[in-house]
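Take a look at the structure below.
Because only heavy atoms are used, hydrogens play no part in the values below, and waters and symmetry mates are left out as well, while side chains stay in. All values reported here derive from a predicted model rather than from experimental measurement. Throughout, numbering of the chain's residues begins at 1 and tracks the sequence.
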Amino acid sequence: MFKSYVKTAWQHLRGNKTYVAINTIGLTVGIAACLIIFLLIQYQTSFDNFHQHQSRIYRVVSTVKTPEGMNYSKASAFPVAEALRTDYPQLEQVARIYAREDQLITVPEDKAGVPLKKFKADVFFAEPAFFDIFNFPFLTGNAGTALSEPNTVVLTEETANKYFGDWHTATGKFIRYDNGLLCKVTGILKNIPANTDFPLQVVFSFKTAAYEDILTDWTGLDGSLNTFVLLPPDMQAASFNNELKAFVKRHTPVAYANQGYLLQPLSSMHYESEFGTYRKSTFSKELITALGLIGLFLLIIACINFINLATARAAGRSKEVGIRKVLGSSKRQLVVQFLMETFFITLISAALATVFAGMVLPLLNNLLQTPLYVQFSIPLLVFLCSIILVVTLLSGCYPAMILSGFNPVTALKSKLTTNMVGGISVRRALVVFQFATAQTLIIGTLIIVSQMDFFHHAPMGFDKEAVITVPMANDTARKSKMEALKQELQQQPGVESVSLSAFSPIDKAGWDSDFMFDNAVKKSGFRSEFKWADADYFKTYHMQFIAGAPYRQADTVNGFVVNEMMVKKLGFKNPEDILGKKINFWDGDMVAPVVGVVKDFNGNSMKQARTPIVLASYKMVYRIINIKIQPQQAKETLAAIAGIWNRAYPDFIYEYQFLDDRIAGFYEQESQLMQLYKIFAGIAVFISCLGLYGFVSFMAVRRTKEVGIRKVLGASVLHIIYLISREFTLLIGIAFLIAAPLAYYIMHRWLQNFAYRIDIGIGIFLLTMLMSEIIAWLTVGYQAIKAAVANPVKSLKAE
């Protein structure tokens, strides 16, 4: 019997190539999209789940209570780890790890020590216990002792191959850190998996870096420093969080009672953006949930296509069903037969979808910086089998029940009514659902595009055009050469202005601190961000003064320039009133008067509200050169800058970045989300159009005789086209009425994540409606015209 089902189903599908092709294309695209989303979600939810004690690993994160609410950071003070080891010996392990980006690594020759190779790398400084907490396997060296001594380093296999040509011979050799410390390679790590939030390449011993000035500082928080603990099996994180309250009271100065610590599970580190990770872009749990729902809806609308097309052809198969029933086929046998046909199409579609996904994934990997690929693992095979089963049942059950339920006499007489082939109302509802889904995605995409455009073009309070930032060499020679380098750069014809600073106006890195104002004995109650820069900083970035003037050009602090937000937070209505008032940082270590007020500017991304900012000269911490160039001479100027820099610092690597590119990095995840929405919205529209084609095909068949009669009675072609298209136009309008408020609600909530955001205007909704109607007309225009120009004699001859 089974063989008969298979043979009959295959013969039927071979004889209906157009029907099979349309269904296969729709299901292939839908399943491929679902498969890609599955792989993406599987990857994003797998981060750091390979560590043996993953469920007992926690990061000690900090909280700071402010009048505006609670601030969170992945940072911890440097003494925290040592104090935890002393106060809580029951903790299995405690380890610190410190990150530094874009550091210079030099590989010297074995004997003479002459620099041979220069590299830039993100480096870490870790305590030996770090490798007892985390399972990063060593190929050579001992995890417990490799980083126990100063000036030691471990490299990954890939990094060692890059530095020395062959990792097998790298152990025992030396690399130089930042043109200073010569460090011995004491171990080689197996290449780090992609699904970890610790992108280790070069890991120095924690003792290698000099932290003497901050090892006892309980008040300073450095976002680059993380402290991890491994709890014993019988200890709960909630109970230890209570212990941390007493821990803070014992060690933190009373004046910093608003600071606290709590444990963050390793399993949530990848998602909780308020704390942050070492990775530059991560997916939130909300985004992962949203992608899962999108994948589900894409699969559903692909199934809807099948239902629409199958029921649209029901009238054409009525005689086949009638004959089968007269010859003795039962309803159950007919249902199995039609489900077998659906299974064949679904199986073919799933196979094609797997191939298609494999071809598309490299492009997606390039977009998302992911290493996704189709590998036939057990989870993937279970997923594909589940998809095939679900799609077969969703797509096949309803048409099979309709077709198998025909009365053989009625079917053989070709007197089937609309209700007998499933009812027009069901198909209407399915088309509405499809287009409501597609329009929701279109509206979401347009809003994300508009928000991203706003990010890139909104005024930021400074001029970011044609400004490059160049990292300076980080050694003692830097201080002696940077002023001379600045003066030489300033003399170049294409250079408009040059400034030395610790940070650009908008930067992911930064300092902040609380302070006392105007001889007060208590702190201000809020923190201020620092922007250390020389006096030419304001000219380079065209910052506008609304009171006072820049501070004098100097190597140390001689006055502060503040922004409008600082003035408002301190309670002044007139910016002039703050001039001359003193600001006291670090209990008198840095005291100076306010000499100027600049208009507010964004010191961080526009996701966050503007904060109080203090600018001051502090040559000791300058680390970048800000150069404003004339765009017309950009090519020649950039070449000249490179030559000057390389002559000043021949032992370092020259690299620059346009400030526009730096700013774009703040919105990497939003840019990725925008591209994903564009892709999925396009898929939804494509699949919906196939469904609409099926619906109009059904309408054209159902109204063949009506169209013939109307033409005989004098109806024009345009009138016939209007009759056929009126209904689907109305259905798309109904879909829009469902999609518009749903999309508004979802995207309004998404926009609340940003301090600066667009208003959702009516134009986005009108554009979506117009696009939907145009796409629909282009999809079904041919079918409508074909029905309108058909010869009425052929449609009426059966009568």
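By the 4.5 Å heavy-atom criterion applied to side chains, V382 and L380 are not counted as neighbours. Proximity of W511 to F585: side-chain heavy atoms (C-beta onward) are nowhere separated by under 4.5 Å. In this structure the side chain of F376 reaches within 4.5 angstrom of the side chain of L381, judged on heavy atoms. At a threshold of 4.5 Å between non-hydrogen side-chain atoms, the residues F356 and L35 do not count as touching. At least one side-chain heavy atom of Q451 sits under 4.5 Å from a side-chain heavy atom of R757. Side-chain contact between P379 and Q42 is present, with heavy atoms from C-beta onward closer than 4.5 Å. Between F50 and N195 there is a side-chain heavy-atom pair separated by less than 4.5 Å. Within the 4.5 Å cutoff, side-chain heavy atoms of E529 are placed close to those of N604.
Around the CD atom of Q236, the shell of radius 6.0 Å holds no more than 12 heavy atoms that belong to other residues, nucleotides or ligands. At most 12 non-hydrogen atoms from other residues, nucleotides or ligands lie less than 6.0 angstrom from CZ of R749. Residue-environment remark: NZ (K120) exceeds the threshold of 12 foreign heavy atoms within 6.0 Å.
If you take CD on Q54 and OG on S267, they are separated by 5.5 Å, rounding to the nearest 0.5 Å. Separating the CH2 atom in W750 from the CD1 atom in I448 is a distance of 5.0 Å, to the nearest 0.5 Å. A distance of 14.0 Å separates CG of L291 from CZ of F38, quoted to the nearest 0.5 Å. Between F680 atom CZ and I36 atom CD1 the span is 7.0 Å, to the nearest 0.5 Å. Interatomic distance, Y58 OH to F240 CZ, rounded to the nearest 0.5 Å: 11.5 Å. One finds the CG atom of L389 at 10.0 Å from the OG1 atom of T346 (value rounded to the nearest 0.5 Å).
Nearest heavy-atom pair, I188 versus A170, reported as atom, atom and distance to 0.1 Å: CD1-CB, 3.9 Å. Taking all atoms of both residues into account, the shortest heavy-atom contact from S148 to P128 is CA-CG, 3.8 Å. In this structure, F515 and S528 approach most closely via the heavy-atom pair CE2-CB, 3.8 Å. Nearest approach of R623 to A502, heavy atoms of both residues: NE-O, 2.9 Å. Contact record, I683 with A33: CD1-CB, 3.9 Å, taken as the closest heavy-atom pair. The shortest heavy-atom contact between C34 and G295 is SG-O, 3.6 Å.
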Quiz item: Please walk me through it: do H251 and D87 pass side-chain hydrogen bond (donor to acceptor under 3.5 Å, both in side chains)?
Solution: CA-CA 11 Å; H251 296 286; D87 292 5; 2.7 Å; yes
Quiz item: Given T208 and S205, is the side-chain hydrogen bond (donor to acceptor under 3.5 Å, both in side chains) satisfied, shown in steps?
Solution: CA-CA 5 Å; T208 300; S205 64; 2.6 Å; yes
Quiz item: What do the steps show when you test T140 against T171 for side-chain hydrogen bond (donor to acceptor under 3.5 Å, both in side chains), and what is the final call?
Solution: CA-CA 7 Å; T140 64; T171 304; 2.9 Å; yes
Quiz item: Stepwise, does the side-chain contact (heavy atoms from CB on, under 4.5 Å) test hold for F134 with L266?
Solution: CA-CA 11 Å; F134 297 94; L266 179 66; 4.0 Å; yes
Quiz prompt | Derivation of the side-chain hydrogen bond (donor to acceptor under 3.5 Å, both in side chains) call for S46 and N49 | solution = CA-CA 6 Å; S46 70; N49 64 3; 5.0 Å; no
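If you look at F136 and H51, their ring centroids are closer than 6.0 Å. F125 has its ring centre no less than 6.0 Å from the ring centre of F206. A ring-centre distance under 6.0 Å is not found for Y261 and W218. Taking the six-membered ring for Trp and the full ring otherwise, F124 and F204 have centroids separated by 6.0 Å or more. The aromatic ring centroids of F530 and F503 lie 6.0 Å or more from each other.
With hydrogens and angles ignored, the 3.5 Å screen pairs a side-chain donor or acceptor of Y667 with a backbone N or O of M606. The backbone N or O of T145 sits less than 3.5 Å from a side-chain atom of N142, completing a donor-acceptor pair. Within the 3.5 Å criterion, the main-chain N or O of K118 finds no donor-acceptor partner in the side chain of Y163. At distances below 3.5 Å, at least one donor-acceptor pair connects side-chain atoms of K531 with backbone N or O atoms of S504. In this structure, the side chain of T86 engages the main chain of E82 through a donor-acceptor pair within 3.5 Å. One N or O on the side chain of R96 and one on the backbone of F78 form a donor-acceptor pair closer than 3.5 Å. A side-chain donor-acceptor contact under 3.5 Å links N365 to the backbone of L361. In this structure, the side chain of R56 engages the main chain of L231 through a donor-acceptor pair within 3.5 Å. R59 places no side-chain N or O within donor-acceptor distance of the main-chain N or O of Q264, the cut-off being under 3.5 Å. Side chain of N241 to main chain of L262: no donor-acceptor pair is present (N/O by atom type, distance under 3.5 Å, no hydrogens or angles).
Side chains of Y373 and Q375: a donor on one and an acceptor on the other come within 3.5 Å. Judged purely by distance below 3.5 Å, without hydrogens or angles, the side chains of T156 and T159 pair a donor atom with an acceptor atom. Residues E158 and Q201 have side chains that never bring a donor and an acceptor to within less than 3.5 angstrom of each other. T186 and T152 form no side-chain donor-acceptor contact under 3.5 Å, judged by distance and modelled atom types alone.
Among the candidates D197, T196, T45, the single residue satisfying the side chain to side chain donor-acceptor pair (under 3.5 Å) test with H270 is D197.
Ion pairing of R662 with D507 is present here, as a side-chain N (NZ or NE/NH1/NH2) and a carboxylate O approach within less than 4.0 Å. Using a 4.0 Å cut-off between a side-chain N of Lys or Arg and a carboxylate O of Asp or Glu, K162 and E157 do not qualify as a salt bridge. With respect to E127 and K207, no salt bridge is recorded, no charged nitrogen being found less than 4.0 Å from a carboxylate O. Ion pair E149/K184 not flagged as a salt bridge, since none of the NZ, NE, NH1 or NH2 atoms sits closer than 4.0 Å to an Asp/Glu carboxylate oxygen.
Under a cutoff of 6.0 Å and an axis angle of 45°, R610 and Y756 form a cation-pi pair.
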